[in-house]
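Just below is one structure, and these are the notes that go with it.
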Protein chains: 2
Amino acid sequence: MRRDSRLSRSLHLLIHMDRFPDPVTSDHLAKMVATNPVVIRRMMQGLKKTGLVSSGKGHGGGWVLAKPLAEITLLDVHEALGATVVFNIGLADDNPQCLVERAVREKLTQAMSEAEGVLLQSFASIRLSDIASDFETQLAALGSDQNRLPICIPERASKADQVD
Amino acid sequence: MRRDSRLSRSLHLLIHMDRFPDPVTSDHLAKMVATNPVVIRRMMQGLKKTGLVSSGKGHGGGWVLAKPLAEITLLDVHEALGATVVFNIGLADDNPQCLVERAVREKLTQAMSEAEGVLLQSFASIRLSDIASDFETQLAALGSDQNRLPICIPERASKADQVD
DNA sequence: AATTAGAGTAACAAGAAAAGTTGCATGAAA
DNA sequence: TTTCATGCAACTTTTCTTGTTACTCTAATT
């Protein structure tokens with residue numbers, strides 16, 4: 001089953017953007033997650049509308065965070081993406097007049113909205129800075145053995161620090 | 001986004017089957033939910049394997065419940081369908097060596113498995129008989145005004161009670 | 001025995017949704 | 001004025017689910 005990986009992807013990219021001094025282009029972001037720049041732009045539109053990021057055109061343009069990571073929760077990103085549907089389980093509407101079907105829908109709706117509430121509450125309680133510090137901890141644990149390149153390769157490819 | 005409506009559909013059908021004296025054919029069930037008999041058979045295979053229903057071939061064959069509704073929970077049906085994926089939210093695997101991506105995956109996995117636990121626990125606590133009695137209550141509330149046909153039309157089309 | 005009615009199953013077609021791609025317009029900096 | 005970037009629309013590709021067809025096997029009825 002095909003799942004929406006935009007939340008996961010944008011969290012990943014937003015944290016990388018925070019570590020970058022300059023605006024990051026869609027091209028650059030696309031390479032980090034092995035996709036096409038247009039896919040990135042499409043995904044970022046929602047984040048821009050809700051004020052999580054901003055974009056600049058032309059020379060030196062690209063994407064920057066509009067808020068510090070500590071002021072962005074997973075719920076903010078989730079909602080900004082317009083990801084309305086959390087569950088993969090759907091309510092059949094095969095025979096709308098049937099009271100049996102309605103009773104089924106009602107019970108399933110109850111159960112699912114309870115669980116959705118739990119998920120969204122978790123999301124609301126997690127800030128991007130929490131994830132970033134998890135990352136820093138892991139990175140520090142690796143010590144100076146940086147040969148493993150434990151981050152996205154394009155992260156180092158800023159103008160000041162060209163790779164290859 | 002396309003959601004899996006098999007859970008909803010099979011609950012609906014299982015409750016109708018319970019109200020039927022005889023085995024119900026795939027054809028009959030298919031008409032109730034406006035689909036093809038093969039789709040029904042496919043869906044029922046899992047339920048059969050886990051002993052929720054049984055099937056008979058040939059004349060007078062069809063599907064019957066193998067257990068009373070009170071001994072079947074939503075979780076039983078959910079698992080029997082092999083519906084492993086509960087969420088529509090996926091974990092990107094764009095750059096597996098990246099520690100940022102890993103930190104994101106870890107946090108999302110935590111949040112999602114907590115919510116999944118809540119959902120499955122709800123499912124475990126709801127028996128099909130609970131839904132059936134909700135339905136009976138609604139049906140009784142309608143009184144004798146049965147002209148609205150508040151159930152699937154093919155429900156009445158048993159041999160003993162032919163319609164049209 | 002022949003017929004009819006059903007499940008079981010494999011292979012294929014249709015549909016839908018997300019992801020990816022291309023091309024071009026627009027705007028900003030060099 | 002050229003270059004580099006986003007913005008956007010249209011199209012293609014991919015992938016998954018659902019639906020469909022055709023056939024086999026089995027059991028009851030006639």
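Side chains included, hydrogens not; waters and symmetry mates left out as well; all remaining heavy atoms used.
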Report yes if a side-chain nitrogen or oxygen of [X] is closer than 4.0 Å to either non-bridging phosphate oxygen (OP1 or OP2) of [N]; otherwise report no.
| X | N | value |
| --- | --- | --- |
| A/Ser55 | D/dG7 | yes |
| A/Thr35 | C/dG20 | yes |
| B/Arg41 | C/dA7 | yes |
| B/Gln45 | C/dA7 | no |
| A/Lys48 | D/dT6 | no |
| B/Ser26 | C/dA7 | yes |

Nearest-Å distance for atom pair [atom1]/[atom2], residues [X] and [N]:
| X | N | atom1 | atom2 | result |
| --- | --- | --- | --- | --- |
| B/Leu81 | D/dT18 | CG | P | 11 Å |
| B/Arg6 | D/dG19 | CZ | P | 12 Å |
| A/Asp27 | D/dG7 | CG | P | 14 Å |
| A/Ile40 | D/dA5 | CD1 | P | 15 Å |
| B/Met43 | D/dT17 | CE | C1' | 14 Å |
| A/Lys31 | D/dA5 | NZ | C1' | 13 Å |
| B/Arg9 | D/dT17 | CZ | P | 14 Å |
| B/Ile89 | C/dA17 | CD1 | P | 19 Å |

Transitively linked via ILVMFWY side-chain contacts under 4.5 Å: [X] with [Y]?
| X | Y | value |
| --- | --- | --- |
| B/Leu119 | A/Leu120 | yes |
| B/Val39 | B/Leu14 | no |
| A/Ile40 | A/Val64 | no |

Between D/dA5, C/dT21, D/dC4, which nucleotide has the shortest distance from any of its atoms to the side chain of A/Asn36? C/dT21
Counting heavy atoms from C-beta on, name the nucleotide in C/dT26, C/dG23, C/dA19 closest to the side chain of A/Lys57. C/dT26
salt_bridge(A/Lys107, B/Asp130) N-O dist < 4.0 Å: no
Short N-O contact, B/Arg105 and B/Asp93, less than 4.0 angstrom: yes
Is there, by distance only and without an angle test, a donor paired with an acceptor across the side chain of B/His59 and the base of C/dT4 below 3.5 Å? yes
Within the modelled atom types, does a donor on one side and an acceptor on the other bring the side chain of B/Arg42 and the base of C/dG8 under 3.5 Å apart? no
Pick the nucleotide of DNA chain C nearest each of B/Trp63 and A/Asp4; which residue has the one closer to the 5' end?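 Its nearest nucleotide being more 5', the pick is B/Trp63.
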